[in-house]
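Reading through the structure tokens given below for one structure.
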Amino acid sequence: FSAFTAEEIRVEGVQRLESGTVLTYLPLSVGDRVDQSRSAQAIRALYDTGLFEDVSLGRDGNTLVVNVRERPEIASFTIEGNKQIGGDELKESLRQQGMAEGELYKRALLDQLRLELQRQYYANGFYAVNVETEVTELDGNRVDIAINVEEGQVAKIADINIVGNEDFSDEELLDVISLESVKPFYAHPLTFWRSRANYSREKLLGDMETLNSFYQDQGYLRFNVTSIQVSLSPDKRDIFLTINVDEGDAYTISNIEFAGDLIVPESNLRALVSAREGQTFSRQLVTDTANRISSGLADFGYAFSEVDPLTRPDDEEKTVEVTFFVEPGKRAYVRRIQFSGNQKTNDETLRREMRQFEGATFARRAVERSRVRLARLQFIEQATVETEPVPGSEDLVDVDFSVSERPAGTLQFGVGFSDAQGFLINGSVSHSNFRGTGNRLRLQAETNSFARTLSGSWTDPYYTEDGISRTISAFYRDTEEIIRFGSGFDLNSIGAATTFGIPISEYSNFRIGFGVETNEISTRIDPITLGGQPTFLTSAELRQFIRQNGREFFTYELRTGWNRDTRNRSFFATRGANTSVNFDFKLPGSDVEYYNASFTHEQFFAVGTWSDWLSDKFVFETNLRVADTGVWGKGRDVPPYDNYFAGGARSVRGFQDGFLGPRDSFNNPFGGQFLTTMQNELVIPTFLESDNKSTRLSLFYDVGNVFSGADEFEYDDLRSSAGAAFYWFTPFFGLLRVSYAVYVDERPNDRVDRFQFSFGVGL
Amino acid sequence: CASDGGALPEPSPLPDLDRQLIRGEVLWRRSGGDGAGEKVSGFRLALDGARVYTANRNGRVSAINIEDGSLAWRTNTELRLVSGPVHIDGRLLIGTRDGELVSLSADDGSRQWAVTLSSELLVPPAAGNGTVVARSLDGRIVALELATGERRWTVERQVPTLTLRGGAAPLIDGDAVYAGLDSGKVLALSLGTGEQLWEQRVAAPAGRTELERVVDVDAELLLADGVLYAASVGDRLVSLALSSGRVRWSREIGSRTGLTFNPSQLFVTDRSSRVLATNRRSGATIWTNEALAYRNLTQPVMYKSYVMVADYEGYLHWMIPEDGTPIGYADVVGEPVRSAPVVVGDRILVLGAEGTVVAVEGVFPDAED
Amino acid sequence: CALPSYYRVPVLQGNVVTQDKVQQLELGMTPPQVRYLLGTPLVVSNFEPNRWDYLFYYRNTRGQARESKLSLHFSEGALASIDGDESYEALLPEEQQQIDDDPDDLETPPVIDNSGNDGRQTPIP
Amino acid sequence: CASSDRADEMQVARDIVGGGEGRAVARANAETLYNTARGFLDSNDPQKALELYEELQARFPFTEYAIQAQLETIYANKAAKQPDAALAAADRFIKQHPRHPAIDYVYYLRGATNYDRVETETVLGADPDKRDPTQLRQAFTDFNLLIRNYPDSIYRKDAQLRMINIRHRLAAHSLSIAEYYLKRRAYVAASRRAEFVVERYQGTDSIPRALEIMEHAYRMAGLEELALNAQAVLTASYPGFLVHRREFYRQQEGLEPRYDLPPLDVQPATAGDQSDTPSSVAAPPPAGDRTVYKSP
């Protein structure tokens, strides 16, 4: 139509939207001159909003008439039959493209979607697939969309033939690539659930890359895949792959050079190079060396260093010269360190673990060290770090740590009644990140008809900003006639202690502390006449002890210890070791002088990475504990309440709690002065999403026992058990340990308890 | 084989004939080796008057006397054989999965020469005029001296991303060699120089997915009275002028196996194992026999003026050329038959998929009594 | 009961600049030239935009601190004065290189090992 | 016979409320459905309201009520503690009804959703501002969008108050980091953080302490001139602060407190009045009175 000035604009055909909405997006307004190009531009603008199916401009006198037809809204969108290609991620990705309930229906998008689905299926070997789409109009300008997929028979790879390979056999090469021809199911012991015989073009292209790098890693610099043929059997069930290769020859390294600004002396860099002259060239080795050099430089602050290996092959000699060209870039400084994801932990609690400071040279090792220290905090489940250059400057970087937190507090409260102990109330509160400050609080209370215990401890890991920790603890215990367990004596004790942990290196610290304790054993040692004969209420051993040492003991104690912990996590660690030696002894002036020495060593081995048929997630953990108590100076005997007991969920599993070790005359556990226990666990990867984050499954083999003294240690008296254990870090009750002992080396008079569980934070 | 979707229909049962005009009598049966197994292969029977030769996937090559089925000689080449043998001038040519072309002496199977080509030799070679022409899976066509195995020329053609397993053997006629390609074309090359004489498209790829675009010319080429007949799986059967490749006529018939002829008619087994007869001059269909549909029939062969095919259960079937009515069938080998039976005088030699060779003679009971 | 020397986390602060770079400093240089030579100054105050301080401070694991500083003044876009210790030598402390090596830290590739030069601090060119 | 319709509708409304809603919902007309849904929303049962809004939009897509239902879905999701769903609903509403009279309310609601994600007070009395500040920053950008696009919106004042509040909390966050580095004797880090607070968060409560940290850090690092600068700025803009600071230390040592001190004018004039605190977010005004959108 001829150009005119629009005195008025009228919108027609609007149903769901308002004319106001159309006017917002219309690039024309009242009073504008409307000509051919502007109206075309207006129409395109309205189309771009994606809200309209059809737009046209008309003229009624001097009024510009905009008539639109809104795109119908999708009332329901269903897709069935797509077993092979992801159900919900597919729906999610379609939602993003605007194909979901509530969005507006675009026919072109649906066709494109159908084709895309079909191409996906063909790329995965479903050559007999059939994808139908169906759009039903509803009143109120809405539509129902249904896509149904008939997948049909998937074509399996029947045979892969590699032609032209002399130096490596077909079998060797078939192991390298991921695609595989159909073998009887028993041929894949470990990978039976993943059928690798499904053909997919991406996997094929990926495999060509793997083949290429395999040969490059063996020195075949000139290797290439000349052509690949994919052919289908007439019945469309079998796929035949023919891979034609030209191996070329294996090249050896003639010489290794360094060029560019090396920052450190060449001898240092050469020590990092694992390849040697004369050795067959390997692309992998060369790239690894380049990475090691650049990460080494990063430790000197050169975060942006680039090391690229240049190779100059000599085709006659079949040798290659490798030059590592080092471009250190600017020395980098850290502008800001930021934490995200810490909903419950204060910034300072994380920042004090940092080994990298703001306003200092960037050191990759320090950043990595900081990340591991964060991961070792009890209340952090996972910590990751990213270094980003600061826009607008060439040598400043920001270091961003993102953490995911683990429930730090546990709250247990139980009211019960047991025939042996009568009415029972117990409760414990523990929080390893109290008010986000990283301080640890533990409170425990228990009352039943036989015992009232109350204990608490408060630890501030950063009592001084350099990391000296302080723990204050106190306890009150009043127990009577523990008949079921122990040799039947009343004990009430009260004590308090304070200990300091002083770091003496990045991984180890020294522990020193002082404690005061008073214990009183009150029980009848002379017999009472019951039914005519004298019967004793307490065991012979205890009676003898009381006769010799009396009943009340007031002791001062000096606690010393050394600990070295290099585990990568405090719960569910997969690497590192945790060794500690403790030596506490009752100071002179105490009523009884005895010492208490213990050695514990926990070591993790990433056995999974040792051989490639085992998945990397397999971890072997061994946990050894040896403890000895004995008198010194004028001490005559170690009080029974300080004896060691073994057996139970946290020591030798499969034996009833505490029942492993010497017995008293009532055949109740009396404990001993020498304890050796060892727990070995093979951690098995599970398919749970929370594997090794908050759950862990393992097979265990425990061995150990308690002896009345170090001299009575008898190797074949050690008891052992084996079975399976499951650990779960529960939201409210701390670490739950459940174990079932399948084999228990039970001897006469042992009490076996195959199924055991315990919870609460063990540390 | 446009995607007809879904699994393939069931093979039809044996036709119930009230009277069997012809019966097959097995003269002798001999196992030549372990054959080809279920997989598609390029194994054929090769003859030189007195003996029939077979090759097998485990590397075994056997020579059997046609007269009584006794074993003339047997050797194990220790190679991963996949095609041949082809007999010419006292030689046997066989192809391996690793791209080796080997020439053995037909007298005792001793190795004469061996050449490694660029890819698998799934398709049997052609020999003639002192030349061997081999087609490797990567689309290369190589001519070699028959006597020495020395290369003469190599021609390369693009291979589509997805093809059908198997292929048509090249055909040598005079100074030209004709080859059906996986791209749906027939190529004519000069035997001496490898120069292209002409190239004719048999079927054009159509459809949006790779599967719908498969148009391999896998059926054996047929040369009869100066006319070349070729069939593609893309539902096209053409008759080409030998000199120029010009299409004389073309019909909507797709075949994967091949065709045979008699003076006036052409016989072809199509992709769904229907047997059709067409007029040689015009290509018009005369009759269609669907009784043996989906029984995976071989290429038809003329036996005593009757049309004969073999099927997946090892049966031979005979039909009257005029109207295609079945006149008899015989259970001869008990193994799937994939390569066409070979007629020697009154005898029919059949190669089973598991390597068994059977000699059969067609008997007409009515005629005797 | 402080033991003789317990382990303090080393504190590193400020720009590390080598002696030869300091020597190349001349009056009249423009800020971008100085920045290219010595790197971005880490101590620049909002209230003294024309004054750049290259400060280096290192407190080792036994708590002993070492520091040096260099103050540069610019006027009208050119370096007007340089003061602070001429022999400004801020070399990377060797303690930092000797961060107690995490024995089996598989996730990070090994660091440059300094055993080659008998523990002397690596001379940086 | 209008009244009989009314009675019938009220009966339907009661059915819906009474839970027998299968049959009743089917019969209800748009207005009843909307009023019932709004009833649930106001008696804070947002989940039920969400279902009815869905039903309303499905069966009466072109009515005023449908648009109002879409608007109130945003608020209902927020009330039902589903912040992500609320944000998605808000974005869709902004795209489809950019000129709706209550559009500024939608931007405001978006900002409030992010703002309320950070609990103001944790159960043990710990200070949440010491933790991850990303949600706070997101809320700040949302409110900024509202003020820039709709300067005359009635929610502008409340949004501004919230933005000021957020700036204070972000400043406090950075300041606590400067305090930490000072304690660790990492003087360059402490001074840089303090400079950052002074530069970025003018007018917040953290400025005086930041200046003091700057002064201390520069002095410990041996940069006396810079230390004197910082002290000069501090005494100039916050005279009362130092006096009170010294008084605080005196009392620490148990000396006699002095009462004749100048007022603690912590806020230089530019900070805007602190008197009213941001109020909690109200439900959107009902569909009925479309003319005036009262401030919450």
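Protein chains get the first letters and strands the later ones, always in sequence-line order, with residue 1 at the start of each.
At a 4.5 Å heavy-atom cutoff, Thr349(A) makes no contact with chain D through either its backbone or its side chain. Only the backbone of Thr345(A) has a heavy atom closer than 4.5 Å to any heavy atom of chain D. Contact annotation for Leu350(A): neither backbone nor side-chain heavy atoms come within less than 4.5 Å of a heavy atom of chain D. Interface remark: Arg192(D) contributes side-chain atoms only to the contact with chain A (heavy atom separation under 4.5 Å). With a threshold of 4.5 angstrom between heavy atoms, Gln135(D) approaches chain A through side-chain atoms but not through N, CA, C or O.
Side chain to side chain, Arg193(D) and Ser174(D) meet the donor-acceptor criterion of an N or O pair below 3.5 Å.
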Set out, in order, the CA-CA distance, both residues' side-chain angles and the distance that settles ring-ring contact (aromatic ring centres under 6.0 Å, His included) for Tyr155(D) and Tyr105(D), then state yes or no. CA-CA 7 Å; Tyr155(D) 302 101; Tyr105(D) 174 77; 5.3 Å; yes
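Note on Asp116(D) versus Lys78(D): salt bridge recorded, some NZ/NE/NH1/NH2 to OD/OE distance being below 4.0 Å. Ion pairing of Arg10(A) with Glu12(A) is present here, as a side-chain N (NZ or NE/NH1/NH2) and a carboxylate O approach within less than 4.0 Å.
Chain A forms more heavy-atom pairs under 4.5 Å with one residue of Ile67(D), Thr134(D), Ile177(D) than with any other, namely Ile177(D). With chain A as the partner, the residue from Ser176(D), Ala186(D), Ala189(D), Pro133(D) showing the most heavy-atom pairs under 4.5 Å is Ala189(D). The most heavy-atom pairs under 4.5 Å with chain A, out of Glu179(D), Arg185(D), Lys183(D), come from Lys183(D).
A salt bridge (Lys or Arg N to Asp or Glu O under 4.0 Å) with Glu358(A) holds for exactly one of Arg335(A), Arg336(A), Arg351(A); it is Arg351(A).
By the 30° and 60° cut-offs, the orientation of the rings of His97(D) relative to Phe93(D) is tilted.
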